[in-house]
Q: 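Structure provided below as structure tokens; questions to follow.
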Amino acid sequence: MSTAIVITSGKGGTGKTSITGGVASCLAALGHRVLCIDMDIGLRNLDLTLGLSDRALMDFTDVLCGRCTLERAAVPHPVIQGLFLLTAPVTLPEAPLSEAAMKELIHRAREGYDYILMDSPAGLGEGFRLACCAADRAVVVSTTDASALRDAQRTVMELDRLGRGNLHLVVGRVEKKLLRS
């Protein structure tokens with residue numbers, strides 16, 4: 001059975017997209033089929049991180065609204081076999097996106113992929129809830145900055161409230177002076 005993982009943070013600039021791209025690339029290099037979904041509507045960057053800029057013609061809202069299939073919208077990586085991207089739209093859709101539709105998309109993705117990694121937008125708004133609604137696991141990304149740690153704590157509390165167990169924390173940009181020898 002496949003695993004759906006949301007990579008999230010309450011704050012922007014913590015490294016969510018870099019971690020999503022790096023972990024996805026490594027999993028694919030190990031022989032797994034991996035689907036990355038950029039959930040950051042309007043501010044998508046996962047395509048740049050994966051080296052797939054301007055390759056996606058369809059986005060996840062096209063799949064949610066039935067305008068195309070998941071297989072057609074997911075862009076294969078030209079070099080890393082088994083790595084695919086389903087990008088976010090560049091503008092907000094006119095109709096609100098439902099969690100039920102997102103759960104159905106992830107259900108369909110589970111049939112063809114070993115891992116589904118969802119790069120969540122920063123913050124705790126609608127995009128966050130949509131990214132988290134079908135996740136089996138959540139990776140909360142922070143830096144050692146006080147505001148990032150506070151936002152990570154708040155994100156963990158919200159994930160707990162939403163019933164999203166299996167939480168993991170990644171702290172980046174740790175200065176050597178903070179580590180004990």
Side-chain angles (χ1 to χ4, degrees), residues 2-21 23-24 34-50 52 56-70 73-75 84-110 113 115-143 145 147-170:
S2 67
T3 303
I5 304 168
V6 63
I7 294 86
T8 189
S9 176
K11 184 169 178 38
T14 58
K16 294 179 300 296
T17 302
S18 296
I19 287 172
T20 302
V23 169
V34 182
L35 175 65
C36 292
I37 305 176
D38 192 333
M39 300 294 298
D40 200 351
I41 297 172
L43 297 174
R44 67 185 192 185
N45 283 308
L46 189 54
D47 60 330
L48 297 173
T49 298
L50 293 174
L52 294 171
L57 300 176
M58 309 301 257
D59 59 59
F60 76 82
T61 61
D62 292 313
V63 178
L64 291 180
C65 297
R67 292 186 290 269
C68 74
T69 64
L70 173 59
V75 176
F84 298 81
L85 170 67
L86 181 58
T87 194
V90 292
T91 60
L92 289 170
E94 292 178 20
L97 302 171
S98 77
E99 287 186 14
M102 189 65 200
K103 287 178 182 178
E104 177 58 29
L105 185 149
I106 298 303
H107 176 74
R108 280 186 271 152
R110 289 178 190 276
Y113 299 94
Y115 291 94
I116 300 113
L117 276 61
M118 295 166 283
D119 185 20
S120 173
L124 301 176
E126 192 58 38
F128 164 81
R129 284 188 285 288
L130 193 64
C132 294
C133 74
D136 303 311
R137 297 182 172 278
V139 175
V140 178
V141 182
S142 183
T143 65
D145 181 68
S147 63
L149 289 168
R150 176 183 285 168
D151 290 352
Q153 180 182 26
R154 180 67 183 96
T155 301
V156 168
M157 291 168 49
E158 187 63 16
L159 287 164
D160 185 56
R161 188 187 73 73
L162 293 171
R164 296 286 155 231
N166 294 317
L167 299 176
H168 308 274
L169 176 66
V170 173

Q: Could you tell me which non-hydrogen atom of Ser142 sits nearest to which non-hydrogen atom of Ala152, and how far apart they are?
A: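 In terms of heavy atoms, the two residues are closest at CB-CB, 3.8 Å.
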Q: Just so I know, are the side chains of His168 and Ile5 near enough to count as touching, which here means a heavy-atom distance under 4.5 Å?
A: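 Side-chain contact under 4.5 Å: no.
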Q: Looking at every non-hydrogen atom in both residues, tell me the closest pair between Leu35 and Leu70 and how far apart they are.
A: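 In this case the closest contact between Leu35 and Leu70 is CD2-CD1, 4.1 Å.
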Q: So Tyr115 and Cys36, do their side chains get closer than 4.5 Å, heavy atoms only?
A: no
Q: Can you name the residues that form a side-chain hydrogen bond (donor to acceptor under 3.5 Å, both in side chains) with Asp160, not counting sequence neighbours?
A: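 So Asp160 forms no side-chain hydrogen bond (donor to acceptor under 3.5 Å, both in side chains) with any residue.
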Q: Between side-chain atoms of residues 117-129 and protein atoms elsewhere (two or more places apart, or another chain), which donor-acceptor pairs fall under 3.5 Å?
A:
{"unit_1": "Asp119", "atom_1": "OD2", "unit_2": "Thr17", "atom_2": "OG1", "d": "2.7"}
{"unit_1": "Ser120", "atom_1": "OG", "unit_2": "Thr8", "atom_2": "OG1", "d": "3.3"}
{"unit_1": "Arg129", "atom_1": "NH1", "unit_2": "Leu124", "atom_2": "O", "d": "2.8"}

Q: With sequence neighbours excluded, tell me which residues meet salt bridge (Lys or Arg N to Asp or Glu O under 4.0 Å) with Arg110.
A: Asp136
Q: Looking at every non-hydrogen atom in both residues, tell me the closest pair between Ser2 and Ile116 and how far apart they are.
A: OG-CD1, 3.9 Å
Q: With a 4.5 Å limit on heavy-atom distance, are the side chains of Lys103 and His107 in contact?
A: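 No, too far: nothing below the 4.5 Å cut-off.
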Q: Answer yes or no: is there a side-chain heavy-atom contact under 4.5 Å between Arg161 and Met157?
A: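 Side chain of Arg161 against side chain of Met157, heavy atoms only: no contact under 4.5 Å found.
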Q: Under the side chain to side chain contact (heavy atoms under 4.5 Å, CB included) test, which residues partner Asp145, sequence neighbours left out?
A: Lys11, Thr143, Ser147, Ala148
Q: Output all residues satisfying ring pair (Phe, Tyr, Trp, His ring centres under 6.0 Å) with Phe84, sequence neighbours left out; order by chain, then residue number.
A: Tyr113
Q: What are the two closest heavy atoms between Leu46 and Gly21, and how far apart are they?
A: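 Nearest pair, atom of Leu46 first, then Gly21: CD1-N, 4.1 Å.
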Q: With a 3.5 Å distance limit and no angle check, can you tell me whether Ser9 reaches the backbone of Val141 through a side-chain donor-acceptor pair?
A: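 Such a contact is found between Ser9 side chain and Val141 backbone.
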Q: Below 4.5 Å, heavy atoms only, C-beta onward: do Val140 and Leu159 meet side chain to side chain?
A: yes
Q: Please name the pair of heavy atoms, one in Ala135 and one in Val6, separated by the smallest distance, quoted to 0.1 Å.
A: CB-CG1, 3.8 Å
Q: Does Asp62 have any salt bridge (Lys or Arg N to Asp or Glu O under 4.0 Å) partners at least two apart in sequence or in another chain, and if so, which?
A: Arg67
Q: Any donor-acceptor pair under 3.5 Å linking the side chain of Thr87 with the backbone of Asp38?
A: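 Such a contact is absent between Thr87 side chain and Asp38 backbone.
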Q: For a quick test of reading the model, state the closest non-hydrogen atom pair linking Ala74 to Leu86 and the distance between them.
A: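 It is N-CD1, 4.4 Å.
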